[in-house]
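Below is one structure, written out as structure tokens; the observations come after it.
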Protein chains: 2
Amino acid sequence: MYDLSMRPFKHPPVSEFVLERLLYALSDPVRLKIVRRLATLGEASCGELDGGRPKSTMSHHFRILRDVGLVNTQTVGTTHMNSLRKDDVDSRFPGLLEAILSQPE
Amino acid sequence: MYDLSMRPFKHPPVSEFVLERLLYALSDPVRLKIVRRLATLGEASCGELDGGRPKSTMSHHFRILRDVGLVNTQTVGTTHMNSLRKDDVDSRFPGLLEAILSQPE
DNA sequence: CCCATAGTTCGAATATTATCGAACTTAAGT
DNA sequence: ACTTAAGTTCGATAATATTCGAACTATGGG
């Protein structure tokens, strides 16, 4: 009973970003890798970033990344294009994303 | 059957630090606050940092902080003195700790 | 209109985690 | 010795998370 076009994803405003939740989101290896790849690719569909993992698993991780404000997802045709909310995260937590993503893998 | 003096705490070498685990450790509000206070105090006993929480709970959190390499604990008399392994963390993850701890509470 | 594609949602199993009381241990003081 | 102080460890419980299959839903193409 859900409608993709009528119910776009909820993206929290910057004012609702919470440091602890952001750190938690990034503490999962799968999610950290997603964020890393988005940082280099600029944007990517969900399918491009699964490492052979089931769609439902990836969908779960993307939702968490969206919920904490790290990722923006927009529907383009049948695919969901994801990108980092870099400016938003930077404005709320200056230097944080850079400090984390610049660390060696 | 444990012996405090014979079994000092295990502190992982810098080479074993793992970014994801460190982020996870800091994603808990209780632990993040411990680390924040250690950053300002320099060092503190376990008791000084409980927020009225039971000792067993605090002991749990300190162990996690030790296990990921964030905190050093040494026995001094009957108390355990904790301090941040700032230099170690910095050497492995330059700028990370600063970036996290400088964020507004 | 039918079908494939892309991804979400639901449900359930499994695994981790947080919290705390109770029992324990060591060091230090009396 | 006895007692207190400071933490740790154990055990149990409750809350959360991860993973994935199955069913579902738009969109776009033939």
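Each chain gets a letter, A, B and so on, in the order its sequence line appears, and its residues count up from 1. Keep in mind it's a predicted model, so treat the numbers as computed, not measured.
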Please give, in whole Å, the distance from [N] [atom2] to [X] [atom1]?
X	N	atom1	atom2	result
A:Asp28	D:dT19	CG	C1'	11 Å
A:Met58	C:dT9	CE	C1'	17 Å
A:Asp50	C:dT5	CG	C1'	13 Å
B:Phe9	D:dG7	CZ	P	9 Å
B:Leu65	D:dT8	CG	P	12 Å
B:Arg53	C:dG21	CZ	P	13 Å
A:Ile64	C:dG7	CD1	P	18 Å
A:His80	D:dG28	NE2	P	11 Å

Would one find a side-chain N or O of [X] under 4.0 angstrom from OP1 or OP2 of [N]?
X	N	value
B:His61	C:dA18	no
A:Thr57	D:dC20	yes
A:Arg66	C:dT8	yes
B:Arg63	D:dG7	no
B:His60	C:dA18	yes
B:Ser45	D:dG7	yes

Within 45 degrees of the ring normal and closer than 6.0 Å to the centroid, is that where the cationic atom of B:Arg92 sits relative to B:Phe17?
no
Contact class for A:Ser59 (heavy atom, under 4.0 Å): base, sugar-phosphate, or nothing?
base
Under 4.5 Å side-chain linkage, directly or through intermediates, the cluster mates of B:Tyr24:
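So far as hydrophobic clustering goes, B:Tyr24 is joined with A:Tyr24.
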Connecting only ILVMFWY residues whose side-chain heavy atoms lie within less than 4.5 Å of each other, what is the rest of B:Val18's hydrophobic cluster?
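ILVMFWY cluster around B:Val18 holds nothing else.
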Identify, between B:Tyr24 and B:Val76, the residue whose nearest nucleotide on DNA chain C lies closer to the 5' end.
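Its nearest nucleotide being more 5', the pick is B:Tyr24.
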Neighbour count >12 (heavy atoms, 6.0 Å) for atom CZ, B:Arg36:
yes
B:Glu20 atom CD: more than 12 heavy-atom contacts under 6.0 Å:
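Above 12, so yes.
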Can you find an N or O donor on one side and an acceptor on the other, under 3.5 Å apart, linking the side chain of A:Thr78 with the base of D:dG28?
no
Of A:Val30 and B:Phe62, the one whose closest DNA chain D nucleotide lies more 5':
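Between the two, 5'-proximity favours B:Phe62.
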Quick one: which of C:dT8, D:dC10, C:dT9 gets closest to the side chain of A:Ser56?
C:dT9
